[in-house]
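None of these values were measured; they are calculated from a predicted model. Each chain gets a letter, A, B and so on, in the order the sequences are listed, and its residues count up from 1.
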Amino acid sequence: MNERTVAPGVRLGRASFVWRPWMMVVTLLLTAAAFVVFCWSIAVGDFPLGLPQVIATIFGQGERVDEFVVMDLRMPRALAGLIVGIALGVSGAITQSIARNPLASPDILGITGGASAVAVFLVTVSGGAAATIVSSVGLSAAALAGGLGTGLLVYFLAWRRGIDGLRLILIGISVSAVMEAITAWLLVSADIRDVARAQAWLVGSLDSRSWSEIWVALWCMLALMAVVAYIAFHLKPMHFGDEVAAGLGVRYSMVRAVLLLCAVLLAGVAVSAAGPVPFVALVAPQVAMRLTRHPTPPLVASGLVGALLLIGADLVARTALPVSLPVGVVTAAIGGPFLIYLLVRANLRRGM
Amino acid sequence: MGTTVEDPPAPGVTETRLRRVTGLGALVVLLVVAAVVSLAVGARALSPVEVWHGLFTAPGADQRLTEITLIVQTVRVPRTVLAIVAGVALGIGGALIQGYTRNPIADTGLLGLNAGASFAVVSVILVFGLANPYQYVWFAFLGAAVAGVVVFGLASIGRGAGSPLTLALAGQGIAVFLAAMTTAVALTDQASLNALRFWNAGSVAGVGFDVIWPVVAFIVVGLLLALTTLPAVNLLNLGDDVARGLGVNIALTRTVGVVAITLLAGATTAACGPIAFLGLMVAHVARYLTGPDYRWLVPYAGLLGAVILLGCDMVGRVVVRPGELAAGIVVALVGAPFFAALVWRGKFNAA
């Protein structure tokens with residue numbers, strides 16, 4: 001536990017990395033856990049299936065009936081949970097790394113606020129333009145456009161000879177505050193039935209996802225992850241500060257700009273697939289950091305924790321709870337206390 | 001203000017002090033003016049003479065004068081007093097929470113105070129069916145206080161008063177959990193949702209003196225506690241080790257500080273609802289005006305908070321006549337773009 005040896009470096013051709021067995025083990029365990037929960041979430045339902053059946057069906061060896069239930073009925077929902085979880089986890093890890101602030105999350109970069117304001121506007125304002133927009137492009141798409149628009153607005157407002165972490169966050173908080181105020185204003189002046197509908201949308205949910213929506217989200221996420229994976233090699237030196245990073249040959253301003261853009265877009269993907277699920281992006285990187293005992297938010301593990309959290313919460317919401325609650329509520333109710341548990345445990349260990 | 005950068009190097013101590021005192025005086029004058037204007041502005045605009053009459057004449061035979069007296073004494077005076085008190089409390093609370101967590105994006109809601117108050121409000125509505133805001137003010141305060149105590153307690157387990165990072169994260173954890181519970185209740189119970197949406201807007205209107213005086217009492221206690229810790233906060237910002245070396249009792253200072261923040265922000269939230277963003281914004285502007293010395297920063301933050309909240313309340317009274325816009329909404333709508341512009345111009349890089 002208290003070994004203070006330097007972790008050995010490993011070089012494979014042109015790529016090199018630090019060999020951290022504990023982190024590898026935790027990441028593999030998280031992957032396995034995410035896969036099991038993913039399959040379990042498909043297995044549970046009105047027509048229960050066994051885990052082996054589900055796994056066989058996923059790999060194309062199941063019966064016709066199972067295939068219909070798994071692939072057509074339940075897969076979109078489970079996949080949506082996976083995509084949203086990974087996207088939010090990675091997005092949060094990037095934001096917290098670059099801001100070097102554990103309180104930063106893509107929620108405060110404006111995506112969530114903008115999407116919520118647009119959605120609440122469309123739900124509560126009945127009449128001409130709003131109704132036309134909802135019927136032609138759909139509520140989720142309009143909200144996504146609002147979220148991305150706000151996110152990019154924050155991004156470009158914060159652009160002044162490159163992106164500075166604190167400036168981006170402070171501007172993000174300001175723009176989010178405006179959006180939240182608009183949302184609050186709309187809610188106060190609306191009819192209470194509309195408010196209930198808007199509130200349900202505001203917490204995010206995985207209900208009634210279709211394959212067409214999922215495909216788009218999936219490909220977007222994979223493309224963004226490829227960019228992140230490519231550029232993330234430059235992220236590590238940046239934890240030492242801009243000067244050190246520059247000395248090590250990292251073009252930090254470019255890396256930062258690209259990564260933050262990816263974070264904004266990843267959060268947008270999540271909003272498109274599930275609505276503004278709050279808190280995952282905030283909690284997942286902190287939990288992943290503590291599980292892997294890594295000093296900075298690890299990208300892969302954060303995504304996995306996010307996925308685990310979201311699919312697990314969805315599972316709990318569907319099976320264990322007497323009332324049906326949207327997944328966002330359950331995610332927060334599980335994620336918050338788990339983070340506290342990790343904090344207290346770390347404190348107790350250090351206190352002895 | 002814009003010329004501070006071009007000041008001659010190292011101005012003398014007396015000069016700096018003079019400038020700070022002058023600024024403080026200007027803020028006080030501004031606050032007094034705003035308070036007087038606040039008595040006159042509203043759905044029924046009053047002239048200065050009418051305000052004077054309304055304040056100091058007893059209800060008499062004259063129908064019109066009685067009406068004015070009623071407006072001034074039961075509507076305008078309470079909301080003006082509350083806006084000042086709440087603004088001071090939130091401004092100082094915001095400056096302190098940033099000092100104690102050493103985090104420039106910490107806000108008064110960070111310790112779970114707002115989430116605790118909101119959760120208390122929806123649960124008492126669900127359980128007891130309370131309909132009147134007067135009835136749940138004290139539950140809200142209780143909720144905020146319990147949340148603050150739990151957060152600080154959890155952050156302090158094992159190591160004495162917790163590190164700034166643990167405190168901030170534990171606050172986030174609890175706030176996340178409570179917000180989820182609040183949403184869960186609001187989604188299942190329409191009466192709670194209805195109360196919650198008005199509560200969340202954050203307003204200084206419609207609260208009587210029977211609520212304001214106890215709130216003021218809590219806030220005064222919080223202020224006194226806060227003032228005693230200010231020199232120590234300066235040292236804490238040099239790092240725990242340096243502060244300990246210079247003789248600061250870290251655990252005691254943190255505990256007193258968190259109690260003060262809980263009293264200030266909790267009591268305000270109970271009376272007005274969560275007014276987000278004010279504390280954060282004011283703390284940054286004050287730090288820009290005074291520099292990092294908390295003995296000056298905190299008074300500036302308090303006065304700025306009062307001026308801004310009072311001003312926003314006045315704006316909210318006139319922009320959507322005959323209706324009103326809650327002060328909490330105006331603070332974000334008006335203050336945030338202004339704040340963003342300051343951030344963009346690079347005013348807060350030293351924060």
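Most heavy-atom pairs under 4.5 Å with chain A, from the set B:N200, B:L325, B:I174: that is B:L325. Contacts with chain B were tallied for A:I340, A:I173, A:I169, A:I182; A:I340 has the most, counting heavy-atom pairs under 4.5 Å. When each of A:T331, A:V330, A:V344, A:T183 is scored by its heavy-atom pairs under 4.5 Å with chain B, the top score falls to A:V344. Of the listed residues A:A184, A:A104, A:A177, the one with more heavy-atom pairs under 4.5 angstrom with chain B than any other is A:A177. With respect to chain B, the highest number of heavy-atom pairs below 4.5 Å among A:G172, A:G328, A:A190 belongs to A:A190. Looking only at heavy-atom pairs under 4.5 Å with chain B, the residue among A:S174, A:G336, A:A181 that has the most is A:S174.
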Could you go through B:F198 and A:L187, starting from their C-alpha distance and side-chain angles, then the distance that decides it, and tell me whether this counts as side-chain contact (heavy atoms from CB on, under 4.5 Å)? CA-CA 8 Å; B:F198 290 108; A:L187 287 178; over 6 Å; no

Could you go through the side-chain contact (heavy atoms from CB on, under 4.5 Å) check for B:I105 and A:N101 one step at a time? CA-CA 9 Å; B:I105 60 172; A:N101 195 323; 3.5 Å; yes

Run the numbers on B:N194 and A:V195 for side-chain contact (heavy atoms from CB on, under 4.5 Å), then give the verdict. CA-CA 8 Å; B:N194 197 22; A:V195 173; over 6 Å; no

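Neither the backbone nor the side chain of B:L178 comes within less than 4.5 Å of any heavy atom of chain A. If you measure heavy-atom distances from B:L154 to chain A, the contacts under 4.5 Å come from both the backbone and the side chain. There is no contact between B:A175 and chain A, counting heavy-atom distances below 4.5 Å. For A:L339, the part lying near chain B is the side chain, with the backbone staying farther off; criterion is any non-hydrogen pair under 4.5 Å. With a 4.5 Å cut-off on non-hydrogen atoms, B:A276 does not touch chain A at all.
In this structure, B:R197 contributes its side chain and A:L186 its backbone to no donor-acceptor pair below 3.5 Å. No donor-acceptor pair closer than 3.5 Å links the side chain of B:W344 to the backbone N or O of A:A158.
The shortest heavy-atom contact between B:A332 and A:V178 is O-CG2, 3.5 Å. Summarising the geometry of B:A201 relative to A:V188, their closest heavy-atom pair is CB-CG2, 3.9 Å, with the distance given to 0.1 Å. Residues B:L169 and A:R290 come closest through the heavy atom pair CD1-NH2, 3.3 Å.
Within the 4.5 Å cutoff, no side-chain heavy atoms of B:F177 are placed close to those of A:I334. You'll find the side chain of A:L282 reaches within 4.5 Å of the side chain of B:V176, heavy atoms only.
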Donor-acceptor list for residues 115-122 of chain B side chains, cut-off 3.5 Å, not counting sequence neighbours:
from: B:S118; atom 1: OG; to: B:N114; atom 2: O; distance (Å): 3.0
from: B:S118; atom 1: OG; to: B:W199; atom 2: NE1; distance (Å): 3.2

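Evaluation of the ring pair (Phe, Tyr, Trp, His ring centres under 6.0 Å) rule for B:F277 yields B:F339 as partners, not counting sequence neighbours.
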